Amino acid sequence: MKPGGIAARARAAIAPAGPQASYLAGLNPEQREAVETLDGPLLVLAGAGTGKTRVLTARVAHILASGRAFPSQILVVTFTNKAAREMKDRIHGMVGDQIEGMPWLGTFHSIGVRILRRHHELVGLKSGFTILDTDDQIRLLKQLLAAENIDEKRWPARLLAATIDGWKNRGLSPKDVPPGEGAVFANGKGGMLYAAYQARLKALNAVDFGDLLLEGIRLFRENPDVLAEYHRRFKYLLVDEYQDTNVAQYLWLRLLAQGSKNVCCVGDDDQSIYGWRGAEVDNILRFESDFPGAKVIRLERNYRSTGHILASAAHLIAHNEGRLGKTLFSEGDEGERVSVTGAWDSGEEARAVGEEIETLQRAGHRLSEIAILVRASFQMREFEDRFVTLGMPYRVIGGPRFYERAEIRDALAYLRCVNSTADDLAFERIVNVPKRGIGDATVKQIHDVARAAGVPLQEAARVLTESEELKPKVRGTLRGLIQAFERWREQARTLSHTEIAEIVLDESGYTEMWQKDRSAEAAGRLENLKELVRSMEPFENLPGFLEHISLVMDVDNGAGEDAVQVMTLHSAKGLEFDTVFLPGWEEGLFPHQRALDDQGKAGLEEERRLAYVGITRARASARIWFASNRRIHGMWNSTVPSRFLDELPDAHVRVEESRGGMGWGGSSYGGGGSYGQSRFDRAEPFAASSYSTPGWQRAQTQRGRSDTGGGRGGFSERGGRYDAGASARRGPMVIEGTLVASSSAPSSAFKRGERVFHIKFGYGEVTGIDGNKLTVQFDKAGEKRVVDTFVEKA
DNA sequence: AGCTCCGTCGTTTTT
DNA sequence: CGACGGAGCT
């Protein structure tokens, strides 16, 4: 399939439609209905590639053009800053400068903070309150845990942060947390710690991300007059990616929507992949009952992918039960079938994909139109290694973001201290960075003074330097720092914020600290600091910049270069490519074992939606891979092909000969016993396998009786790994197969010095035993650690 | 104050 | 296996 063909088809499908307003041109009937249905609640179920953003932006244009509302009377909420930016750009393209009058287009959080700033006194905040980032949050919680004498080993601050976040996502303030749930953390102290945390936030005049919505909800509930003001203001409400909203966002939105009732939510239940961070698919499933009189419009006409790709995705997602149901169709070519290829191991998978990409490149495909979408980021490494070897340009999307880097956070903490004497968390962060001899003991003294006097840390430090409490050396250093902050604040009145930033980084010794650092990353960190100062330029002043970055943690990573795009399936949502490689379709990895263990069927369905998202990213070519052997936590494990492979429709899939070596299960090992149920277990490609016995059915029968400790012999004659010796012994919950051995498994039946055979490494001798993990000196492959279920006595 | 060793853990990510 | 964080040692 040539990319040009797709583009041409897409153009044809959205051909101009007549002499109407330009924003209506090229809309199909459903899209047009979604744009023109302005009164009352509307849910637009927009499948992948059906033009959802187009509908949303055209709808805004239509509202404005019909004179039903001023720009300032439209609320448009997105989930990410990127989406907000795109929306803004596209609306600008349609309505021109009217966009300037739309202050209420943004993320839930940026709009949330805007509202809180206007009414801060009503929720107990002072003007100029700060927004904590995750680091600050954790540090604060650590202090609380220490104060309560809670063992941070058993009850990590991270876990508490996640728990509190979870409550906030569900719209629960401390008093609303069900007592049973509050008791879960630290022997019943969870609820109390949450309350204490909120109290600390108030004392610091700070909020966290969750509060931006939660406090907004409280504001509206406790102040009907304020809510009424927003009811009058917002004539139209539009929400993007509605399937990603959490309970708090839903409550917030519902309060606002009580006004005009003209609320339009756009989303796709089949692309809900953020349940684990609080997104509530139920919000979209329940829309019609939540908003009485709601109209539902389905967008099912797909302009992105070819027929085989769409049919494959549709057949896969049809295995989910909890969905509103829609079927994508296209009027274009069938295109190329979705391919499924097995590789011997993850290395070969990467090697083979690399070769295919080289072939595509030679055929004139742009690398930036090729993506590798993985389930978990550790999978990326092997591809990266391979691309480095090949000299193939690639680009990893996602990963640690600019503003999350330590040096950026440190620099920002300095600026926050300049900006506000009351930003205790920022002060704490940098008081001894670079190391200047102000250690824990001194910090504690400052804390004590601050608490006793009820003043911020900076002020307490100043008081302390005027007393005789500190050792002269420390006293001098601390005084120097405090005076430096006072000086910088003074200079900030006359100099530009970028100049101040440079002065602060320079005079504080922070830049110097990295200049002296001889580690490999130091140069990059210095570069990042320069980039930080550059990124401040467009802002009017320091507070403006700080406010912006507390909400916008991403940075425009200048795309453009022609490189293979490597990213997780999650970060691929919303993107599209001509060719998509989907490696790692193996039980345990995808669907991920943890999703199965923790969430059961709901988890499986979310994984399946992830698979759906993956396939539907492809315009012309989707290529799925699985490896028969993969190293997990340093140990090689045999794997079972993903059940999702069995859920793809035969007629639209092409099973490729495996690349190189013996493929995924040469005839001497594959098949056999209860193991050969799936077509992907056979060396013979595709013996017209039936859907009636897909992998997940095996999963059902295997559920609960898998036993990681028993059944040695791996692929031995007496049957599959999962059958052999499967006793009723209790083990970890497993839906199908295990990638990782249970650590509590009974000790191994192997002895040191025993000769064994391993399917991947061949013959060897056991040199060490640790539970069910063996260290084996293989004759050819050298020393490896393997799980005993994957070797047999030789 | 700084380094080193040891234990733990290992999916996905936004604001 | 390898990254990270905390405790403990010098």
Side-chain angles (χ1 to χ4, degrees), chain A residues 77-84 106-113 131-134 137-138 142 146 151-154 156-159 162 165 168-169 207-214 241 244-246 248-249 272-279 373-381 397-401 403-404 406 432 434-442 474 547-554 567-574 584 588-599 603 606-607 609-611 613-614 630-637 739-740 743 773 775 783-786:
Chain A
V77 201
T78 66
F79 219 74
T80 64
N81 289 298
K82 189 172 164 226
T107 63
F108 277 101
H109 297 269
S110 67
I111 290 168
V113 80
I131 302 163
L132 298 202
D133 62 35
T134 317
Q137 208 179 344
I138 299 281
K142 278 187 178 169
D151 179 12
E152 240 250 85
K153 270 259 166 70
R154 269 202 74 192
R158 286 211 135 282
L159 178 64
D165 257 9
K168 290 191 173 180
N169 284 162
V207 292
D208 65 14
F209 285 119
D211 288 338
L212 296 180
L213 291 160
L214 214 48
E241 304 276 22
D244 286 339
T245 52
N246 61 36
Q249 287 157 341
S272 166
I273 56 175
Y274 285 113
W276 50 273
R277 68 175 194 210
L373 309 183
V374 297
R375 175 63 182 81
S377 41
F378 76 83
Q379 293 172 260
M380 292 179 183
R381 194 168 157 179
I397 310 292
R401 283 166 309 153
Y403 291 116
E404 275 168 10
N432 200 31
K435 298 273 190 298
R436 46 172 75 92
I438 301 173
D440 290 350
T442 312
V474 177
E547 172 87 1
H548 172 80
I549 56 137
S550 65
L551 291 169
V552 181
M553 295 302 279
D554 65 346
M567 68 192 89
T568 63
L569 286 161
H570 282 91
S571 33
K573 195 173 78 156
L589 177 59
F590 192 39
H592 199 281
Q593 191 63 47
R594 260 187 87 165
L596 267 32
D597 288 349
D598 298 351
Q599 308 287 334
E606 183 154 308
E607 294 287 298
R609 290 193 289 268
L610 205 44
V613 166
R630 190 174 292 276
R631 202 165 57 175
I632 307 279
H633 309 336
M635 257 174 306
W636 283 96
N637 291 89
L739 281 173
V740 191
S743 54
K773 301 174 193 75
T775 306
E783 189 179 86
K784 303 278 178 193
R785 300 240 304 158
V786 296

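Being a predicted model, the structure only gives us computed values, none of them experimental. Every chain is numbered from 1 and lettered A, B, ... according to where its sequence line falls, protein lines coming before strand lines.
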Choose from [options] the nucleotide whose nearest atom is closest to any side-chain atom of [X].
X        : options                : answer
A:Arg401 : B:dT15, B:dG10, B:dT13 : B:dT15
A:Lys435 : B:dT12, B:dT15, B:dG2  : B:dG2
A:Arg277 : B:dT15, B:dT13, C:dG6  : B:dT13
A:Thr568 : B:dT13, C:dG6, B:dT15  : B:dT13

Whole angstroms only, please: what is the [atom1]-[atom2] distance between [X] and [N]?
X        : N      : atom1 : atom2 : value
A:His548 : B:dT15 : NE2   : C1'   : 12 Å
A:Gln599 : B:dT12 : CD    : C1'   : 12 Å
A:Tyr274 : B:dT13 : OH    : P     : 7 Å
A:Leu610 : B:dT13 : CG    : C1'   : 12 Å
A:His570 : B:dT12 : NE2   : P     : 9 Å
A:Lys82  : B:dT13 : NZ    : P     : 13 Å
A:Arg375 : B:dT13 : CZ    : C1'   : 11 Å
A:Glu404 : B:dT15 : CD    : P     : 10 Å

Is it true that a side-chain atom of A:His570 and a backbone atom of A:Ile273 form a donor plus acceptor pair closer than 3.5 Å?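 Present.
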
Quick one: does any side-chain atom of A:Gln379 pair with a main-chain N or O of A:Arg375 as donor and acceptor, under 3.5 Å? yes

Could you list the residues that satisfy side chain to side chain donor-acceptor pair (under 3.5 Å) with A:Asp208, not counting sequence neighbours?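 Expected list: A:Lys168, A:Tyr197.
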
So, using side chain to side chain donor-acceptor pair (under 3.5 Å) as the criterion, who are the partners of A:Glu152 when residues are at least two apart?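 Testing A:Glu152 for side chain to side chain donor-acceptor pair (under 3.5 Å), a comparison that skips the adjacent residues, returns none.
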
Which residues satisfy the side chain to side chain contact (heavy atoms under 4.5 Å, CB included) test with [X], sequence neighbours excluded?
X        : value
A:Ala406 : A:Arg429, A:Arg525
A:Arg277 : A:Phe79, A:Tyr274
A:Ala146 : none

Please report the distance separating the C1' of B:dT13 from the corresponding atom of C:dG2, rounded so that it comes out in whole Å. 23 Å

P atom, B:dT12 versus C:dG5: distance in rounded Å? 16 Å

Do any side-chain nitrogens or oxygens of A:Asn81 fall under 4.0 Å of OP1 or OP2 in B:dT14?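 Result: no.
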
Below the 4.0 Å mark, does B:dT13 have OP1 or OP2 next to a side-chain nitrogen or oxygen of A:Ser571? yes

For A:Phe108, which residues count as a ring-ring contact (aromatic ring centres under 6.0 Å, His included) partner, sequence neighbours excluded? A:Trp252

Can you tell me if CG on A:Asp151 sees more than 12 non-hydrogen neighbours from other groups inside 6.0 Å? yes

Is the base of B:dT11 touched by the side chain of A:Arg594 through a donor-acceptor pair closer than 3.5 angstrom? no

Nucleotides 4-7 of chain B: which of its N/O atoms have a protein N/O under 3.5 Å away?
none

Can A:Trp276 be classed as stacking with the base of B:dT12, given a centroid separation cut-off of 5.5 Å and a plane angle cut-off of 30°?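 Base of B:dT12: stacked against A:Trp276.
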
Has A:His592 got its ring stacked on B:dT11, by the test of a centre gap below 5.5 Å and a plane angle below 30°? yes

For A:Asp244, answer base if it contacts any base atom (sugar-phosphate contacts may also be present), sugar-phosphate if it contacts only those atoms, and nothing otherwise; contact means non-hydrogen atoms under 4.0 Å. nothing

Touch class at under 4.0 angstrom, heavy-atom based, for A:Gly210 against every strand present: nothing

Flag the pair A:Trp276 / A:His592 as yes when their ring centroid distance falls below 6.0 Å, and as no otherwise.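 Not close enough - the centres of the two rings lie 6.0 Å or further apart.
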
With 3.5 Å as the limit, what N/O pairs link the protein to nucleotides 1-5 of chain C?
none

Given DNA chain B, 5'-ward residue of the pair A:Asp598 and A:Phe108, judged by closest heavy atom: A:Asp598

According to salt bridge (charged side-chain N to carboxylate O under 4.0 Å, His left out), who are the partners of A:Glu241, at least two apart in sequence or on a separate chain? A:Lys52, A:Lys573

